[in-house]
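See structure below.
In what follows, every heavy atom counts, from backbone to side chain, and hydrogens, waters and symmetry copies are set aside.
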Amino acid sequence: MKFLKNTFAFVIPLTAMLISFIIYLFSSNILENYKIKIANDYSIVVITNTPLIKEEITELAGINVEKIITLEKKSIIDNIKSDLSSSSINLLKKKLPHFYKINLETFPTTSQLQTIKDKLYANKNVRKVEIFSKNHNSVYLLMLLLSQISFILFSIITIFAIIMISKQIRIWFYEHHEKITILKLHGASILYSSSTILKYAIISSFISFFIVSAMFIYLVDNIGVLLPNDLENIVQVTLSLNESLSKIFLLSFGISILTIIGVLLKYKIKYD
């Protein structure tokens with residue numbers, strides 16, 4: 001019974017920390033995938049008085065320009081020529097400005113969009129810039145906020161997990177202080193004397209790892225259970241299973257072992 005109590009004293013904070021970590025993994029991955037998706041769909045329309053020298057625009061606000069497409073005047077005129085006379089069409093061909101569509105490698109933030117507009121308008125040849133960003137921005141900012149909240153949550157829970165684990169270790173050392181003292185008098189190292197608490201930590205790390213890994217594997221294929229229906233159709237998860245499980249494993253054991261080592265060093269300094 002005592003073994004289970006001591007083990008679960010490690011398992012609960014570790015599991016809570018790892019769950020918050022996988023939430024952060026999902027939210028950051030969804031955000032990155034959404035940025036790529038909207039970058040492929042998103043473009044900036046530029047209207048100029050004279051032909052644009054495409055080679056001069058290689059980056060905007062620190063984002064590489066993927067391509068600049070010339071929008072043909074003919075297609076624009078074809079849409080309205082049924083209501084115009086021949087002379088009006090000829091005049092329109094001469095007076096109609098030049099239209100271009102700029103595709104970027106990644107979706108810009110709100111501040112970057114403003115920088116892009118300012119840079120394009122600095123060119124006196126540019127008549128109008130349309131960024132069409134409102135719909136994309138609202139969803140992107142929502143996902144960015146969720147990603148930041150999940151990271152803050154993970155950080156806070158990690159701090160509390162470390163505090164709870166270190167407190168449990170100190171309680172164990174207090175309860176077994178006499179036994180440890182006797183072992184040290186017989187030449188045992190502090191590491192050997194604390195082998196029991198190390199066993200608790202390793203077993204607890206394995207239990208937490210398996211619990212959270214099972215949850216993670218399930219959610220990778222069923223991410224819809226965490227998302228509202230409106231978002232389920234526009235987000236995508238592309239997490240590497242092996243890489244993510246390795247991170248979960250290292251975090252589970254790393255936090256436990258490093259916390260124990262920290263308390264051991266403090267104990268050694270205090271009583272040696």
Side-chain angles (χ1 to χ4, degrees), residues 12-44 59-67 101-116 130-162 205 208-255:
I12 292 171
L14 274 175
T15 303
M17 178 194 66
L18 293 178
I19 289 173
S20 66
F21 177 65
I22 66 170
I23 291 173
Y24 169 67
L25 284 181
F26 278 118
S27 61
S28 58
N29 183 257
I30 288 171
L31 177 65
E32 288 302 313
N33 288 335
Y34 185 73
K35 282 174 68 176
I36 295 170
K37 182 180 184 298
I38 58 177
N40 294 332
D41 297 337
Y42 177 74
S43 61
I44 298 168
E59 64 88 24
L60 292 168
I63 303 173
N64 291 331
V65 174
E66 186 176 325
K67 58 184 175 181
K101 186 167 70 171
I102 300 176
N103 292 94
L104 304 174
E105 285 190 353
T106 59
F107 182 69
T109 62
T110 304
S111 58
Q112 286 175 321
L113 282 172
Q114 188 57 50
T115 303
I116 289 169
E130 291 290 349
I131 57 176
F132 307 109
S133 65
K134 288 184 179 179
N135 292 335
H136 286 314
N137 260 340
S138 59
V139 178
Y140 174 74
L141 290 174
L142 174 63
M143 290 186 176
L144 181 62
L145 177 63
L146 291 174
S147 179
Q148 291 176 340
I149 289 173
S150 65
F151 178 73
I152 293 169
L153 179 67
F154 164 63
S155 301
I156 293 171
I157 292 177
T158 299
I159 292 169
F160 275 104
I162 292 171
S205 296
S208 296
F209 170 71
F210 285 124
I211 291 172
V212 177
S213 294
M215 291 176 61
F216 177 79
I217 292 169
Y218 172 77
L219 290 173
V220 166
D221 296 323
N222 300 276
I223 191 62
V225 300
L226 293 179
L227 300 172
N229 293 332
D230 292 341
L231 282 179
E232 189 177 350
N233 296 325
I234 62 174
V235 300
Q236 184 181 10
V237 176
T238 56
L239 285 168
S240 167
L241 200 59
N242 290 335
E243 183 181 344
S244 299
L245 290 177
S246 297
K247 290 178 181 178
I248 295 169
F249 179 84
L250 290 173
L251 185 62
S252 178
F253 281 84
I255 291 294

Roughly how far, to the nearest 0.5 Å, is the [atom2] atom of [Y] from the [atom1] atom of [X]?
{"X": "E32", "Y": "L239", "atom1": "CD", "atom2": "CG", "value": "11.0 Å"}
{"X": "F151", "Y": "T158", "atom1": "CZ", "atom2": "OG1", "value": "9.0 Å"}
{"X": "L146", "Y": "I30", "atom1": "CG", "atom2": "CD1", "value": "9.0 Å"}
{"X": "K247", "Y": "L25", "atom1": "NZ", "atom2": "CG", "value": "6.0 Å"}
{"X": "N29", "Y": "T238", "atom1": "CG", "atom2": "OG1", "value": "4.0 Å"}
{"X": "L14", "Y": "I157", "atom1": "CG", "atom2": "CD1", "value": "12.5 Å"}

What residues, two or more places apart in sequence or in another chain, satisfy side-chain contact (heavy atoms from CB on, under 4.5 Å) together with [X]?
{"X": "L245", "answer": "S213, F216, I217, L241, I248"}
{"X": "S150", "answer": "I23, Y24, S27"}
{"X": "L251", "answer": "M17, L18, F21, F154, I255"}
{"X": "S111", "answer": "T109"}

query = Hey, are the side chains of I116 and L104 touching, using non-hydrogen atoms and a 4.5 Å cut-off?
reply = yes
With [X] via side-chain hydrogen bond (donor to acceptor under 3.5 Å, both in side chains) - residues at least two apart:
{"X": "E66", "value": "none"}
{"X": "S28", "value": "none"}
{"X": "S244", "value": "none"}

query = How would you list, by chain and number, every residue that makes a salt bridge (Lys or Arg N to Asp or Glu O under 4.0 Å) with E59, sequence neighbours excluded?
reply = K119
key: F253: ring pair (Phe, Tyr, Trp, His ring centres under 6.0 Å) partners, not counting sequence neighbours   = F206, F249
ask   = Do you know the tightest heavy-atom contact between T15 and S208?
value = OG1-OG, 3.1 Å
